[in-house]
Amino acid sequence: MSVTELSTRTPTARVERSLCGWGRTARSRCRVFQPCEPQDVVDVLASEAHAERGVIARGAGRSYGDAAQNDGGDVLDMTGLNRIVSIDGERGLITAQAGATVAQLMTALAPHGLTLPVVPGTRHVTLAGAIASDIHGKNHHRDGGLARHVAAISLCTPAGGLTVLSPETDPDLFYATLGGMGLTGVIVEATLRAEPLPSPWVTADVDRTDGLTQTLELMSGPERHRYSVAWLDLLADGSKLGRAIISRADPLGSDGAPPAARGRRAPRAAYPGALSRRPAFEVPRGFPAALLRPASMRTFNALRWRATPRRERGQALAMAPYFFPLDALGEWNRLYGPAGLIQYQFVIPSGQEVALERCFELMRTRRLPVYLAVFKRFGPAFGGPLSFPLEGWTLAADLPAAAPGLWAALDELDEVVAGCGGRVYLTKDARLRRETMAAMYPELDRFHAQRARVDPNGVLRSDLARRLGLCWSAL
Ligand SMILES: Cc1cc2nc3c(=O)[nH]c(=O)nc-3n(C[C@H](O)[C@H](O)[C@H](O)COP(=O)(O)OP(=O)(O)OC[C@H]3O[C@@H](n4cnc5c(N)ncnc54)[C@H](O)[C@@H]3O)c2cc1C
């Protein structure tokens, strides 16, 4: 397949802008530049060699914290480099530029009977942003994270310019880049291994549990389904805390329509083309945070839990709303008001379930207002020194950033997580401390060794990197 979208634009001049992550917490002033051709990236990195505050790449800005911003310095907005370069239907490979989104990639792959093997909970992230975070999906226990499916990367580094990397040519730099948060270079293009798309449907088994013990029991057994995820109610009282709606699903066969839709027209939401549509509803600017309170969310959770059958088997669901339910509401982060939200995502290794229960207990005793909690199982770790997934349990908890006592409670949780060999997900982070992060990522030296090789003057810098001691300046 040939290029689908040809760029006729010219690179923008550097424009000063206020940037933040999806959580809308820490803002910074950055000079933003949008390259249109790979050579623009090479030129910017060369011009940064003696710049004081450095530069970092930014995709769609869907990381929650301060990873894709650089206070007082430069930011490369990579969304202008968004072409699908080629699709090799026979070998199942897709090559695209850094700024192509998951929605774009899935839409381009569908006519070839292919799809992406790993997707996050939103289709609006860019290819390079997903690689730089080594994202995981609902199938990590079966298929690993994105790192397992990247065949090659074109990376521009301050020391080496533009290079094509693969696990065969330079495994150390390749894996340090997967999950490397943009700090080993700017990804310009990447090739992923796609997989067959049998139909735009999944078939889901849904179970409702009454409390945490039952939830953990049900999720502890051997998992035969391809996708598995639980929505937890962490605002419920007493023994109801941790009650869940557990959804386990598999791709539906190849006839293209679910059993219930045979003989009728399948809903348009089923087709990957639906991915490019804008959401029907968008939260307006200035939405009053006061509307989102523990009491109203407790009621919402209870209604949602009650509205779900105790046990349902073989429910046919359209792929797009199944994988990206939050995309139905545009700009939903505005629900949290001007103070924003923290998404606290951690993983606890298998065998450390006591620590997991301690985390839930801490959230309960510190009265953390967890408005949304998503719980999953991870398969074995794979990939780079900063990759997040470890075999075990992961919880992603959305919290209003202005909640009283939140920072201190999260510090306590960090201690429990680090103490049992677990870690916090950097792409969601906005507040982790440097020492705790170092305890969570024991292969940090491997990462620094690669940085010293490709960025000896410390040109690649971000707010997250400064906060966590992941970058330095030789100037
Ligand atoms: C609603 C929602 C649901 C989500 N669900 C999941 C999920 O299920 N699983 C999961 O793993 N994550 C999930 N995420 C997190 C998201 O997938 C990651 O934060 C992803 O990195 C965002 O991509 P982006 O294009 O917005 O990157 P940005 O937020 O712009 O940047 C993220 C990181 O990538 C780096 N980067 C961006 N472009 C480049 C480039 N060209 N070269 C080098 N580095 C670059 C940046 O420097 C930064 O460090 C979710 C986020 C949201 C908002």
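Atoms within each ligand, like the ligands themselves, are counted from 1 in listed order. Residue numbers start at 1 and run along the sequence shown. Because the structure is a prediction, the values reported are computed rather than measured.
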* Least distance between heavy atoms, Arg453 atom then Ala159 atom -> O-CB, 3.8 Å
* For atom 4 (C) of ligand 1, what is the nearest protein heavy atom, given as residue, atom name and distance? -> Gly121 N, 3.8 Å
* Taking only heavy atoms of Thr427 into account, list the atoms of ligand 1 that are under 4.0 Å away from them. => 18 (C), 19 (O), 21 (O)
* Asked: Heavy atom of Gly137 under 4.0 Å from ligand 1?
  -> no
* **Ligand-residue contact atoms, ligand 1 with Gly182, heavy atoms, under 4.0 Å** => 43 (C), 44 (N), 47 (O)
* Would you kindly specify which portion of Lys376 sits under 4.0 Å from ligand 1, judged on non-hydrogen atoms: side chain, backbone, both or neither? => side chain
* Asked: Counting heavy atoms only, which of Ala396, Ala57, Ala68 comes nearest to atom 47 (O) of ligand 1?
  -> Ala57
* To do: State whether the shortest distance between N or O atoms of Ile135 and N or O atoms of ligand 1 falls below 3.5 angstrom.
  => no
* To do: State, to 0.1 Å, how close Val41 and Leu76 come at their nearest heavy-atom pair, and which atoms those are.
  => CG1-CD1, 4.2 Å
* Asked: For atom 9 (N) of ligand 1, what's the nearest protein heavy atom and its distance?
  -> His136 O, 2.8 Å
* Asked: Any N/O of Gly59 closer than 3.5 Å to an N/O of ligand 1?
  -> yes
* Asked: After noting the C-alpha distance and the side-chain angles of Ile56 and Leu464, does the key distance pass the side chain to side chain contact (heavy atoms under 4.5 Å, CB included) rule?
  -> CA-CA 10 Å; Ile56 194 71; Leu464 172 127; over 6 Å; no
* Do Ile153 and Ile131 come close enough that some side-chain heavy atom pair is under 4.5 Å? -> yes
* Does CZ in Arg14 sit with more than 12 non-hydrogen atoms of other residues, nucleotides or ligands closer than 6.0 Å? -> yes
* Is Ser63 close to ligand 1, meaning an N/O of one under 3.5 Å from an N/O of the other? -> yes
* **Close-contact set for ligand 1 against Ile56 heavy atoms, below 4.0 Å** => 47 (O)
Compile the donor-acceptor pairs under 3.5 Å between side chains in residues 183-198 and protein atoms, sequence neighbours left out, one pair per line.
{"unit_1": "Thr184", "atom_1": "OG1", "unit_2": "Thr177", "atom_2": "OG1", "d": "2.8"}
{"unit_1": "Thr191", "atom_1": "OG1", "unit_2": "Thr95", "atom_2": "OG1", "d": "2.8"}
{"unit_1": "Arg193", "atom_1": "NH2", "unit_2": "Arg148", "atom_2": "O", "d": "3.1"}
{"unit_1": "Glu195", "atom_1": "OE1", "unit_2": "Arg226", "atom_2": "NH2", "d": "2.8"}
{"unit_1": "Glu195", "atom_1": "OE2", "unit_2": "Arg226", "atom_2": "NH1", "d": "3.3"}
{"unit_1": "Glu195", "atom_1": "OE2", "unit_2": "Arg226", "atom_2": "NH2", "d": "3.3"}

* Considering only NZ, NE, NH1 and NH2 on the basic side and carboxylate oxygens on the acidic side, decide whether Glu48 and Arg31 come within less than 4.0 Å. => no
* Over 60° means perpendicular and under 30° means parallel, so classify the ring planes of Trp22 and Trp332, tilted if in between. => perpendicular
* Decide whether an N or O pair under 3.5 Å exists between Trp22 and ligand 1. => no
* Heavy-atom nearest neighbour in the protein, as seen from atom 48 (C) of ligand 1, with distance rounded to 0.1 Å -> Ala67 O, 3.7 Å
* To do: Measure across Gly422 and Leu390 and return the closest heavy-atom pair with its distance rounded to 0.1 Å.
  => CA-CD1, 4.2 Å
* To do: Starting from atom 42 (N) of ligand 1, find the nearest protein heavy-atom neighbour and note its residue, name and distance.
  => Ile187 N, 2.8 Å
* State plainly whether the residues Arg304 and Asp233 are in salt-bridge range, i.e. N to O under 4.0 Å. => no
* Describe, in one word, how the ring planes of Trp393 and Phe375 are oriented to each other, choosing from parallel (under 30°), tilted (30 to 60°) and perpendicular (over 60°). => parallel
* Asked: ligand 1 versus Arg58, non-hydrogen atoms closer than 4.0 Å: side chain, backbone, both, neither?
  -> both
* Asked: Should the proximity of Lys428 to ligand 1, defined as any heavy atom under 4.0 Å, be assigned to the side chain, the backbone, both, or neither?
  -> side chain
* Structure fact -> Nearest non-hydrogen protein atom to atom 1 (C) of ligand 1, with distance, is Trp332 CZ2, 3.6 Å
* To do: Could you list which atoms of ligand 1 come closer than 4.0 Å to a heavy atom of Gly185?
  => 43 (C)
* **Stacked cation flag Arg123 on Phe323, 6.0 angstrom / 45 deg** => no
* **Lys138 NZ/CZ over Tyr322 ring centroid, <6.0 Å and within 45° of normal** => yes
* Relative to the heavy atoms of Ala98, which atoms of ligand 1 are at a distance of less than 4.0 Å? -> 41 (N)
* Structure fact -> Rounding to 0.5 Å, atoms OG (Ser28) and CG (Asn70) come to a distance of 7.5 Å
* To do: Please assess Asp414 against Tyr344 for the test side-chain hydrogen bond (donor to acceptor under 3.5 Å, both in side chains), listing each intermediate value before the final yes or no.
  => CA-CA 10 Å; Asp414 287 344; Tyr344 186 69; 2.7 Å; yes
* Please determine if Tyr425 has a nitrogen or oxygen closer than 3.5 Å to a nitrogen or oxygen of ligand 1. => yes
* Asked: Can you find a non-hydrogen atom of Gly21 under 4.0 Å from ligand 1?
  -> no
* Asked: So which heavy atom in the protein is nearest atom 23 (O) of ligand 1, and how far is it from that ligand atom?
  -> Val125 CB, 3.4 Å
* Under the side-chain hydrogen bond (donor to acceptor under 3.5 Å, both in side chains) rule, what do Asn82 and Gln97 come out as? Steps first, then yes or no, please. => CA-CA 5 Å; Asn82 64 355; Gln97 289 186 321; over 6 Å; no
* To do: May I ask you to check whether Gly129 has an N/O atom sitting below 3.5 Å from an N/O atom of ligand 1?
  => yes
* Does some non-hydrogen atom of Phe388 fall short of 4.0 Å from ligand 1? -> no
* Asked: Which of the numbered atoms in ligand 1 are below 4.0 angstrom from a heavy atom of Ala128?
  -> 38 (N), 39 (C), 40 (C), 41 (N)
* Structure fact -> closest protein heavy atom to atom 35 (C) of ligand 1 is Ala132 CB, 3.5 Å
* Asked: Backbone or side chain, does any N or O of Asp134 fall under 3.5 Å from an N or O of ligand 1?
  -> no
* Report the nearest protein non-hydrogen atom to atom 24 (P) of ligand 1: residue, atom name, distance rounded to 0.1 Å. => Ala60 N, 3.5 Å
